[in-house]
> 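Have a look at this one before I ask anything.
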Amino acid sequence: QIILWGRTEKCLKETTEEIRMMGTECHYFICDVGNREEERYRLSQVICFFLQVGDITILVNNAAVVHGKSLMDSDDDALLKSQHINTLGQFWTTKAFLPRMLELQNGHIVCLNSVLALSAIPGAIDYCTSKASSFAFMESLTLGLLDCPGVNATTVLPFHTSTEMFQGMRIRFPSLFPPLKPETVARRTVEAVQMNQAFLLLPWTMHVLVILKSILPQAALEEIHKFSGSYTCMNTFKGRT
């Protein structure tokens, strides 16, 4: 069975119907994971529901927002919203479901992160900061689970994915670095979970980025950002928050 959480009922309903058409039982709850008090209320609903049908063994943290502005152009409330949803939401969901996974010695925590957690860009300072924090959270959690049999964690760090979230974002060489399809990210995520893979960079070329960041001086990295267009890619951002 699958339970979906989200803030927009229309999207939740549509996704739930698609999953049910595939023959899988699915339910949804409206919830803002960035709001700890609201989440506690929704958690009680979910836990009561699952007490009737079974335990939650896979938790997928996928909620995120991006406002696509510089620091000085960002509204304070918007900055806080990004940190609450993109980072702190994972604290609350994981604390809620991990204890039972540890008790059962059966569970998996999955985080859909972003390559921007490892290589920030201008114009998305809220998103990059929150994703870097989220990555640190998952890295620490993954190491902490090494002595916990049957419970694992997977962090997925994809390149730009073709969804409405980053609509309008443009890079200089799209043929060399085409946006990922959501279906590809989903399939590779499932495969990573099945193999208990701790960290997954998508596509594989992002490994080169990590290596370059570790060996090149800052001045060289800045030139690469300018040449590739990542320095200005958010100038045309129109995404959805």
Side-chain angles (χ1 to χ4, degrees), residues 1-9 11-13 15-20 22-65 83-114 117 130-158 185-200:
Q1 297 193 42
I2 296 175
I3 282 191
L4 303 176
W5 281 3
R7 294 176 297 155
T8 308
E9 186 170 15
C11 295
L12 289 170
K13 275 186 175 180
T15 306
T16 298
E17 290 172 2
E18 287 183 23
I19 294 172
R20 287 175 176 171
M22 297 176 187
T24 300
E25 187 174 348
C26 183
H27 304 270
Y28 73 85
F29 292 86
I30 300 173
C31 178
D32 181 357
V33 297
N35 186 323
R36 184 175 59 174
E37 296 307 318
E38 178 182 335
E39 185 172 275
R40 282 177 175 170
Y41 169 69
R42 295 301 180 188
L43 276 173
S44 65
Q45 288 185 314
V46 173
I47 290 172
C48 287
F49 174 81
F50 260 91
L51 284 174
Q52 304 172 30
V53 298
D55 293 294
I56 294 174
T57 54
I58 299 179
L59 170 66
V60 181
N61 287 312
N62 185 45
V65 295
Q83 310 315 307
H84 282 299
I85 293 177
N86 300 3
T87 303
L88 290 176
Q90 292 183 83
F91 281 74
W92 316 143
T93 57
T94 303
K95 287 190 72 174
F97 297 114
L98 182 58
R100 183 57 176 163
M101 293 180 183
L102 294 173
E103 182 181 343
L104 294 171
Q105 295 190 353
N106 179 27
H108 210 112
I109 308 294
V110 185
C111 171
L112 269 295
N113 201 295
S114 168
S130 63
K131 287 300 183 179
S133 299
S134 169
F135 177 74
F137 170 82
M138 287 301 295
E139 192 171 28
S140 179
L141 179 67
T142 301
L143 291 172
L145 292 175
L146 289 179
D147 295 325
C148 301
V151 182
N152 299 282
T154 294
T155 305
V156 183
L157 300 114
V185 177
R187 175 176 54 82
R188 293 295 306 278
T189 298
V190 171
E191 293 171 353
V193 171
Q194 291 172 335
M195 296 185 294
N196 286 331
Q197 184 174 345
F199 299 97
L200 173 64

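Values in this document were obtained by computation on a predicted structure and should not be read as measured data.
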> Please report the closest heavy-atom contact between Pro99 and Thr94, naming both atoms and the distance.
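Nearest pair, atom of Pro99 first, then Thr94: CD-O, 4.0 Å.
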> To the nearest 0.5 Å, tell me how far Glu25 CD sits from Thr16 OG1.
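Nearest 0.5 Å value for the CD-OG1 distance: 11.5 Å.
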> Provide the closest heavy-atom pair for Asp147 versus Pro149 in the form atom of the first, atom of the second, distance.
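Result for this residue pair: O-CD, 3.4 Å.
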> Test Asn106 against Val151 for side-chain contact (heavy atoms from CB on, under 4.5 Å), laying out the working first.
CA-CA 5 Å; Asn106 179 27; Val151 182; over 6 Å; no
> Are Asn61 and Ile109 side-chain neighbours, meaning at least one heavy-atom pair lies under 4.5 Å?
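They are in side-chain contact.
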> How close do Ala192 and Leu200 get, counting heavy atoms only, and between which atoms?
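Heavy atoms of Ala192 and Leu200 come nearest at CB-CD2, 4.0 Å.
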> Using a strict threshold of under 4.0 Å (side-chain N to carboxylate O), is an ion pair present between Glu17 and Lys13?
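No, Lys13 and Glu17 are not salt-bridged.
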> Measure the shortest side-chain to side-chain distance between Phe91 and Phe137 over non-hydrogen atoms and say whether it is less than 4.5 angstrom.
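When only atoms from C-beta onward are counted, Phe137 and Phe91 do touch, with a gap below 4.5 Å.
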> Any chance you could measure Asn152, atom CG, to Leu141, atom CG, to the nearest 0.5 Å?
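Answer rounded to 0.5 Å: 10.5 Å.
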> Compare every heavy atom of Arg20 with every heavy atom of Cys26, then report the nearest pair and how far apart it is.
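For Cys26 and Arg20, the tightest heavy-atom pair comes out as O-NH2, 2.7 Å.
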> For Leu4, run the side-chain contact (heavy atoms from CB on, under 4.5 Å) check against Val60, Ile30, Leu12 and tell me which one passes.
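Going through the options one by one, the only one that passes is Leu12.
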> Please name the pair of heavy atoms, one in Lys131 and one in Ala117, separated by the smallest distance, quoted to 0.1 Å.
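Distance-wise, the nearest heavy atoms are O-CB, 3.3 Å.
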> List the atom of Thr142, the atom of Phe199, and the distance in Å for their closest heavy-atom pair.
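What the structure gives for the nearest pair is OG1-CZ, 4.2 Å.
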> Taking Thr154 as the fixed residue, which of Gln194, Glu191, Gln197, His108 is the one that meets the side-chain hydrogen bond (donor to acceptor under 3.5 Å, both in side chains) rule?
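The residue from Gln194, Glu191, Gln197, His108 that satisfies side-chain hydrogen bond (donor to acceptor under 3.5 Å, both in side chains) with Thr154 turns out to be His108.
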> Is there a side-chain contact between Arg7 and Val65 in this structure, where contact means two heavy atoms from C-beta onward sitting under 4.5 Å apart?
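Yes, side chains in contact.
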> Measure the spacing between SG of Cys148 and CD of Gln105 and express it to the nearest 0.5 Å.
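Those atoms lie 9.0 Å apart.
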> Is there a side-chain contact between Leu157 and Ser114 (heavy atoms, below 4.5 Å)?
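No; the side chains remain at least 4.5 Å from each other.
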> Which value, rounded to the nearest 0.5 Å, describes the distance between Trp92 atom CH2 and Thr87 atom OG1?
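Spacing of CH2 (Trp92) from OG1 (Thr87) equals 11.0 Å.
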> What's the spacing between Leu98 CG and Glu103 CD if we round to 0.5 Å?
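Atom-to-atom, Leu98:CG and Glu103:CD are 11.5 Å apart.
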> For the side-chain hydrogen bond (donor to acceptor under 3.5 Å, both in side chains) test, which of Thr155, Asn86, Asn113 pairs with Ser134?
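Between Ser134 and the candidates, side-chain hydrogen bond (donor to acceptor under 3.5 Å, both in side chains) is satisfied uniquely by Asn113.
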> Heavy atoms, side chains only, cut-off 4.5 Å: are Ile3 and Phe29 in contact?
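In contact.
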> Taking the side chain as every heavy atom from C-beta outward, state whether Met101 and Leu59 have any pair of such atoms under 4.5 Å apart.
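Met101 vs Leu59: side chains touch.
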> Quick one, Thr57 and Phe97 - any side-chain contact, counting heavy atoms below 4.5 Å?
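No, too far: nothing below the 4.5 Å cut-off.
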> Taking atom OG1 of Thr93 and atom CG of Leu88, what is their separation to the nearest 0.5 Å?
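Thr93 OG1 to Leu88 CG: 10.5 Å, rounded to 0.5 Å.
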